[in-house]
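Notes follow the structure.
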Amino acid sequence: MAKVLRWDVMVGVLLVAVFAGGSFTSPGFATIGNLSFALGDLGEIALIALTMTMLVVAAEVDLSVASVLGLSSALVGALWDGGMAIETIIPLVVLVGALCGLVNGLLVTKLGLPSLAVTIGTLALYRGLAYVVLGDKAVAQFPREFTALAVDDVPGTFIPYPVALFVLLAVVVAIVLHATGFGRSLFAIGAQEQAAFFAGIRVKRIKLLLFVLSGTVAAFAGVVFTLRYGSARADNGMGIELAVIAAVLLGGVDFDGGKGTLGGVIAGVLLIGLLRNLLMLNDVSTEIQSIVTGLLLIISVLTPRLITALKPALSRRRTSTDQVGPESALKGSP
Amino acid sequence: MSGPPTLALANVSKSFGAVRALRDVSLELFPGEAHALAGENGAGKSTLVKTLAGVHRPDSGQVLLGGEPVTFAGPADAQQAGVAVIYQEPTLFPDLSVAENIFMGRQPRTSLGRIDRKAMHAQARRLFERLGVTLDPEQPARGLSIADQQLVEIAKAISRDARVLVMDEPTAALSGNEVARLFSVVEALREQGCAILFISHRLDEIFSLCQRVTTLRDGAWIASEPVEGLTHDDLIRRMVGRDLDALYPKQDTTAGEVALQVERLTREGYFTDVSFQVRRGEIVALAGLVGAGRSEVARAVFGIDRWDAGSVTVAGRPLPAGSPTAAMGAGLALVPEDRRQQGLVMELSIERNIGLTGLRSLRRGVTISRAAERDRARDWALRLQLKFGRLSDGVGVLSGGNQQKVVLAKWLATEPSVLIVDEPTRGIDVGTKAEVHRLLSELAGQGIAVLMISSDLPEVLGMADRVLVMHEGRLTAEISRAEATEESVMSAATGRAA
């Protein structure tokens, strides 16, 4: 039963279903060109989802990622406008992203503030800074050899460069999360922070690192975003933190921390991407797209809880007793 | 005991899936009696309590109220019928006053419909008078000791005319004189005709408080009998179904060099100027009342909290303040007092919990070796005779005693030179308790320095080579094994000159 009801597996099945349904109803959907575009269009969300997964597993969240992306984009524009070389701009901007993450992390770990509140604050703060940097204007005319990196496919494939980078990082994060001591620590922190601390895990240091990583990746995603659209604006990526979190929760990561798999998150990211793409192909307005993202978020938080509520009823039908005493069996059935 | 019992269970059975939690159990509670319910963890005590409290309905058999069969549709029904349950750790509203907690939802009103605070406080005072205790009804519940919170719960029950008081391990978190006060309250209620069902792992308490005792084993009723004439051994035999090896088997060992040296350690507001040492092969007990600062000293030594002054030295090397990681590195291990919050990550499996203290040593290259993780868990599970299904099972399905073994396994796997255990046998059954004692004794025999915090006096006297006693944040006495008696430890713990 446990295997069939595993949430990340269900999302995988849903993903196949959406794909099949999409190719059946929208002729342009299942073409190499469209899928390549859909993947590329997902690049930033996918990248940020990797670090967001680690944060949420550790029972924290970073809502400022889209604003860091915007700030990064605005900085790229302003510095390029000021005549700086792209090769200098990129590391500089990524460093600023790391600093943004550091601020979030210090507020959470040193002052003990809840990350939800802190990053709602910096969500507004960093976006505001983006407007201070670039105002309302847009900077374009980036050199073709750089925009190509964000748009073109890896030669001989239909995989855009950012997606290839995502695949590479996803492998790294999957190993870190599921096979290293650091990953084990994240799950322990998310499930029972006190017990993790009592076991000698450096909880604060780890959380600080997660926030810095989150800011760094969000700023890098800002560079990708800017080059992909060939346009630097302060309002770039507005609101995509919701899509990122929807993807992470849809992927079966528990918002309360301690549970989740990266495989599930990747399925969640793809599902969100395909749905957005399908809606776009069918000329559904952005308002409806926003409604769909919102509903997915709520469904992904609600469904695992429903499953948990239903589980005792289902497991009562099982007959394995192992060596569980009567009183401990009790605890399983609220 | 004439007349019908106030509350009774007749041939009650209750199953959860294939687990038969109660099998044909009968129990009669008469007015004016304190009745003990004894049994190991997993014997069915909690299920029985929840059946009386209306949480569970029996699969077969009956609940009888004043001799008449009743069906409790839920806890509210049971409360209405005069059955009150006092749990080990009460849940009061911390921001409301004591009186408001007692009369929650039933506050006396003035003619204008407003809450009549004066009347409420007067009524609360009368309740406390009836119980023979002094508590201020106007003080907020936040900051009350667990013992005082229990009294508030009892007052609440009495104000609802409870005729049956079920007390599920009320003394587990209480210190000696708090237990004595609770007992005098129970005594007063008994005289007023209440029936009391009392659950405790401490056999002494059963003998001193109760008139009759019912024993359960593996969900089955074993005996209901008068306490008078029973011995400890009789009762243990009924609970366990066999004779137990002696509890407290500490062998004499020769103490080696100093392993842990604590020098004038101070944490403001918690403890002051605490100095002691523990040698290899020694078990040193840290005794005292709850709130005397014992756990706080242990936490500071292990780096959970920072200390303000003083020093901690392990095997001659000073330890930095506030770093559990450094403490672990120096060979310290702490089995904390709160198993569910501090000792274990309840959502994780047995092997992950045991592996949590060894994330470095389990590394092969960059990744954790699952085989090594499993071997470590299996090795320690076998050595501690853990009862489990699979190592990948969640630690939450284990009984309390087995969970405690997992905490011990997790720390022993780090091969510590100094082991600090905080209330190592609280809330675990007699059989496991004996195993834990034997284990601690063995560890000391292997040259580990053991510092044991315990509120269980027989345990302290039986296990310790030396007893350190704390009172209000200060060390007040150091008593050798030969001189340690209940009286000498208690007088130091209560601040009377030793």
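Here is the naming used below: chain letters follow the sequence lines, and residue numbers restart at 1 for every chain. Since the model is a prediction, treat every value here as computed from it, not as a measurement.
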Checking side-chain contact (heavy atoms from CB on, under 4.5 Å) for the pair Arg299(B)/Phe198(A): CA distance, chi angles, key distance, verdict?
CA-CA 9 Å; Arg299(B) 288 171 62 111; Phe198(A) 271 76; 3.9 Å; yes

Shortest non-hydrogen contact between [X] and [Y], atoms and distance:
X         : Y         : answer
Gly181(A) : Ile368(B) : N-CG1, 3.3 Å
Ile304(B) : Phe197(A) : O-CE2, 3.6 Å
Thr180(A) : Val366(B) : CG2-O, 3.5 Å

Using a cut-off of under 4.5 Å on heavy-atom pairs, state which of Glu373(B), Arg352(B), Arg370(B), Arg360(B) scores highest against chain A.
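Option with the greatest count: Arg352(B).
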
With a 4.5 Å cut-off on heavy-atom pairs, point out which of Asn402(B), Thr357(B), Thr414(B), Leu356(B) contacts chain A the most.
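Greatest number of close heavy-atom pairs with chain A: Leu356(B).
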
Before you tell me yes or no, could you show the steps for Gln341(B) and Gln192(A) under side-chain contact (heavy atoms from CB on, under 4.5 Å), namely the whole-Å CA-CA distance, both residues' side-chain angles and the distance that decides it to 0.1 Å?
CA-CA 7 Å; Gln341(B) 308 276 327; Gln192(A) 184 51 268; 3.8 Å; yes

What is the distance from atom CD of Gln194(A) to atom CG of Leu344(B), rounded to the nearest 0.5 Å?
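Taking CD in Gln194(A) and CG in Leu344(B), the distance rounds to 12.0 Å.
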
Can you establish whether the number of heavy atoms outside Arg364(B) located under 6.0 Å from its atom CZ is more than 12?
yes

Residues, nucleotides or ligands: over 12 heavy atoms within 6.0 Å of Phe220(A) CZ
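Not buried by this count: 12 neighbours or fewer within 6.0 Å.
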
Counting only non-hydrogen atoms closer than 4.5 Å, does Glu347(B) touch chain A with its backbone (N, CA, C, O), its side chain (CB onward), both, or neither?
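Only the side chain of Glu347(B) comes within 4.5 Å of chain A.
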
Would you say Thr325(B)'s side chain and Gly200(A)'s backbone share a donor-acceptor pair under 3.5 angstrom?
yes

